[in-house]
Colleague: 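Next up is a structure, given as structure tokens.
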Amino acid sequence: MDGDHSAEVLRYNSSNQSTVVVERVRTPGGSRVRKELRRPGPVTKGAAVHWATSADPAHWNYWHREAEVYQDDRLRASLTGTGLELAGAKVVDHESGTTLWLEDVTGTAGPNFNLTDHVAAATALGRWQGRPPLTRPWSSQRFLRQYSTSRPGDVSVVQDDDAWAQPLIRATWPAGLREGWGRLLTHRDALLDLMEQLPRVSSHLDAWVSNAVRRGDGTVVLLDWAFAGDGAVGEDLGNWLPDAVFDLFWPAEQLPELEAACYPAYLAGLRESGWTGTDSDARLGVVASCVKYAWLLPLLLSQAGDTGHQAYHEDADPERLYRQRGMALAHLVGWADEALDAVS
């Protein structure tokens with residue numbers, strides 16, 4: 001770019017074939033974030049098939065959903081007074097796809113959230129989701145089932161003695177995790193069915209710290225609405241909590257503390273907005289959402305012997321990464337057992 005303009009490529013999931021680039025563009029007038037969305041087409045050589053996009057608005061990876069979200073006045077209005085916001089945006093459609101010119105939101109980035117910030121986000125999610133669900137033409141449907149069952153990873157590896165005998169696994173993963181994950185996989189369909197039977201709420205469906213910024217006034221701006229649509233009560237919080245650990249943004253040792261602070265805050269937010277469902281349904285939505293990650297432990301087992309490891313596209317120490325993820329996976333086993341006990 002010329003001397004009056006500069007661009008900084010930001011971290012994003014480059015595997016998702018809907019996104020070409022995300023970059024911060026600085027000009028004399030300020031900065032904006034440019035996100036390029038690509039229309040669906042043939043899967044490019046070497047691309048991950050499980051991140052293929054769709055032209056179907058109900059599909060979990062509908063390519064144009066985020067652009068439609070930013071232009072949807074009803075969605076913006078549904079966030080008013082909740083403590084959540086959409087970033088300002090200009091949407092430009094063109095032959096090859098769509099350009100999103102997004103507000104460069106300033107404040108505390110989600111990876112740097114302290115416990116107070118997390119609680120604020122959980123409360124705001126509850127306030128939003130306590131309102132009547134908003135169904136829009138672009139809303140994803142059955143996201144959890146579509147997404148979680150399309151991920152890579154051969155679940156049969158969970159029964160492979162050699163996989164569990166790998167030095168990295170033996171050194172870092174807690175006792176009982178193999179048996180616990182076996183139970184989760186055995187009841188995978190039951191957990192998915194349960195999530196689809198719970199009360200429905202408007203959902204972000206990719207709620208985690210890297211998609212959040214807390215402004216100075218306390219408002220939490222959620223970014224990356226590419227999956228948004230129909231979800232179960234509690235599902236977004238059930239994603240928010242473990243994802244903070246999986247990519248090393250929150251210590252696994254403090255995951256119980258994070259949950260103990262955020263779950264009551266989320267429930268209070270629901271009630272504040274007039275939600276009349278039961279506490280048990282909200283709790284089930286959080287804990288049964290663990291089924292989203294059924295594929296993750298098998299994938300980690302199969303990658304344990306790799307020469308390099310990453311957490312959200314950054315190189316990570318293997319032992320630290322696997323120890324933290326192992327503790328978080330064990331926490332999800334507890335969630336699965338709680339959900340199954342509640343409905344047995």
Colleague: Measuring centre to centre across the rings, with the benzene-like ring taken for any Trp, is Tyr312 within less than 6.0 Å of Trp208?
Modeller: yes
Colleague: Which heavy atom of Ala282 sits nearest to which heavy atom of Leu267, and what is that distance?
Modeller: CB-CD1, 3.9 Å
Colleague: How are the rings of Trp51 and Phe227 set to each other: parallel, tilted or perpendicular (split at 30° and 60°)?
Modeller: parallel
Colleague: Any heavy-atom pair between the side chains of Tyr293 and Asn239 that's under 4.5 Å?
Modeller: yes
Colleague: Would you call Glu259 and Arg283 a salt bridge, using N to O less than 4.0 angstrom?
Modeller: yes
Colleague: Can you name the closest pair of heavy atoms from Leu237 and Ala122 and give their distance?
Modeller: CD1-CB, 4.1 Å
Colleague: Mind listing the closest non-hydrogen atom pair of Arg178 and Asp160 along with its distance?
Modeller: NH2-N, 3.9 Å
Colleague: Indicate the ring-plane relationship of Phe143 and Tyr147, choosing parallel, tilted or perpendicular according to the 30° and 60° boundaries.
Modeller: parallel
Colleague: Please report the closest heavy-atom contact between Asp224 and Tyr70, naming both atoms and the distance.
Modeller: N-OH, 4.1 Å
Colleague: I'd like to know if Arg325 and Asp247 make a salt bridge, using a cut-off of under 4.0 Å between side-chain N and carboxylate O.
Modeller: yes
Colleague: Does a sphere of radius 6.0 Å around CG in Asp217 hold more than 12 heavy atoms from other residues, nucleotides or ligands, not counting ones at 6.0 Å or beyond?
Modeller: yes
Colleague: Does a side-chain N-to-carboxylate-O contact under 4.0 Å join Glu196 and Arg142?
Modeller: yes
Colleague: Apply the side chain to side chain donor-acceptor pair (under 3.5 Å) test between Thr99 and each candidate in Glu36, Arg34, Lys35; give the one that qualifies.
Modeller: Glu36
Colleague: Of all the heavy-atom pairs spanning Leu194 and Ala339, show the shortest one and how long it is.
Modeller: CD2-CB, 4.4 Å
Colleague: May I ask you to decide whether Arg39 forms a salt bridge with Glu95, counting only side-chain N to carboxylate O separations under 4.0 Å?
Modeller: no
Colleague: Run the salt-bridge test on Arg136 and Asp230 with the 4.0 Å N-O cut-off and return the result as yes or no.
Modeller: no
Colleague: Quick one: do Val220 and Val213 end up in the same hydrophobic cluster if we chain Ile, Leu, Val, Met, Phe, Trp and Tyr together by side-chain heavy atoms under 4.5 Å apart?
Modeller: no
Colleague: What I want to check is whether the side chains of Glu235 and Ser203 have a donor and an acceptor closer together than 3.5 Å.
Modeller: no
Colleague: Parallel, tilted or perpendicular: which one describes the rings of Phe113 and Trp240, with boundaries at 30° and 60°?
Modeller: tilted
Colleague: Of all the heavy-atom pairs spanning His50 and Ser150, show the shortest one and how long it is.
Modeller: CB-O, 3.1 Å
Colleague: Under a 4.0 Å threshold between the charged nitrogen and the carboxylate oxygen, would Asp279 count as salt-bridged to Arg271?
Modeller: yes
Colleague: Taking the six-membered ring for Trp, are His64 and Trp138 ring centroids under 6.0 Å apart?
Modeller: no
